[in-house]
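Structure first, then comments.
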Amino acid sequence: MTIETQYNINSTIYFLHNNKVWEGTIKRISIIVENNSTVITYKVQYNDWKYKSLKENQVYSTKQELLDSL
């Protein structure tokens, strides 16, 4: 089995939090495989010291891509 993630460690990504666009850096990637279903979660550092766990469908490579998804 091969599992590929959309982003890598230290990738800069954008996400929505409290109705605001944030920029963050991926610090950890967690992958759970169960019953032929794969869940990829990124632990993202933002605002210099805060961390947030986000699923792969919640992060975007550009701010414009995030805004277009709304």
Side-chain angles (χ1 to χ4, degrees):
M1 173 188 290
T2 301
I3 299 173
E4 293 186 26
T5 60
Q6 193 171 2
Y7 303 99
N8 298 312
I9 301 287
N10 291 324
S11 293
T12 299
I13 53 89
Y14 296 87
F15 63 97
L16 197 60
H17 178 59
N18 291 335
N19 292 324
K20 182 178 177 185
V21 175
W22 290 87
E23 179 180 318
T25 304
I26 295 173
K27 296 298 182 181
R28 184 183 308 159
I29 301 172
S30 299
I31 300 169
I32 298 172
V33 179
E34 187 175 308
N35 297 329
N36 295 325
S37 177
T38 304
V39 177
I40 298 171
T41 305
Y42 299 109
K43 184 146 190 175
V44 177
Q45 180 182 8
Y46 68 103
N47 200 16
D48 291 330
W49 53 274
K50 292 183 180 179
Y51 288 87
K52 184 159 182 69
S53 292
L54 299 161
K55 292 186 180 176
E56 191 166 53
N57 64 349
Q58 296 175 302
V59 300
Y60 299 88
S61 55
T62 65
K63 187 184 290 189
Q64 187 62 48
E65 187 179 318
L66 186 154
L67 294 173
D68 289 344
S69 73
L70 300 176

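In terms of heavy atoms, Ser53 sits closest to Thr41 at CB-CG2, 4.1 Å. Looking at every heavy atom in both residues, His17 comes nearest to Phe15 through CB-CE1, 3.7 Å.
Within a 6.0 Å sphere centred on NZ of Lys55, other residues, nucleotides and ligands contribute 12 heavy atoms or fewer.
Note that CD1 of Ile40 and OG1 of Thr5 are 6.0 Å apart. Values are rounded to the nearest 0.5 Å. The OH atom of Tyr60 lies 9.5 Å from the CD atom of Gln6; values are rounded to the nearest 0.5 Å. Distance check, rounded to the nearest 0.5 Å: CD1 of Ile9 to NZ of Lys43 gives 12.0 Å. Taken from CG in Asn8 to CD1 in Ile26, the straight-line distance is 7.5 Å, to the nearest 0.5 Å.
Between Glu23 and Ile13, the closest side-chain pair of non-hydrogen atoms is not below 4.5 Å. Here the side chains of Tyr42 and Glu56 are in contact, with some heavy-atom distance below 4.5 Å. Val21 is listed as a side-chain neighbour of Leu16, based on a closest heavy-atom distance under 4.5 Å.
Tyr7 places a side-chain N or O within 3.5 Å of a backbone atom of Ser61 that can act as its donor or acceptor partner.
Hydrophobic clustering (side-chain heavy atoms under 4.5 Å, transitive across Ile, Leu, Val, Met, Phe, Trp, Tyr) groups Val33 together with Ile29. Residues Tyr14 and Leu54 are members of separate hydrophobic clusters, defined by side-chain heavy-atom contacts under 4.5 angstrom among Ile, Leu, Val, Met, Phe, Trp and Tyr. Cluster annotation: Trp22 and Leu67 are assigned to distinct hydrophobic clusters (Ile/Leu/Val/Met/Phe/Trp/Tyr, side-chain heavy-atom contacts under 4.5 Å, transitive).
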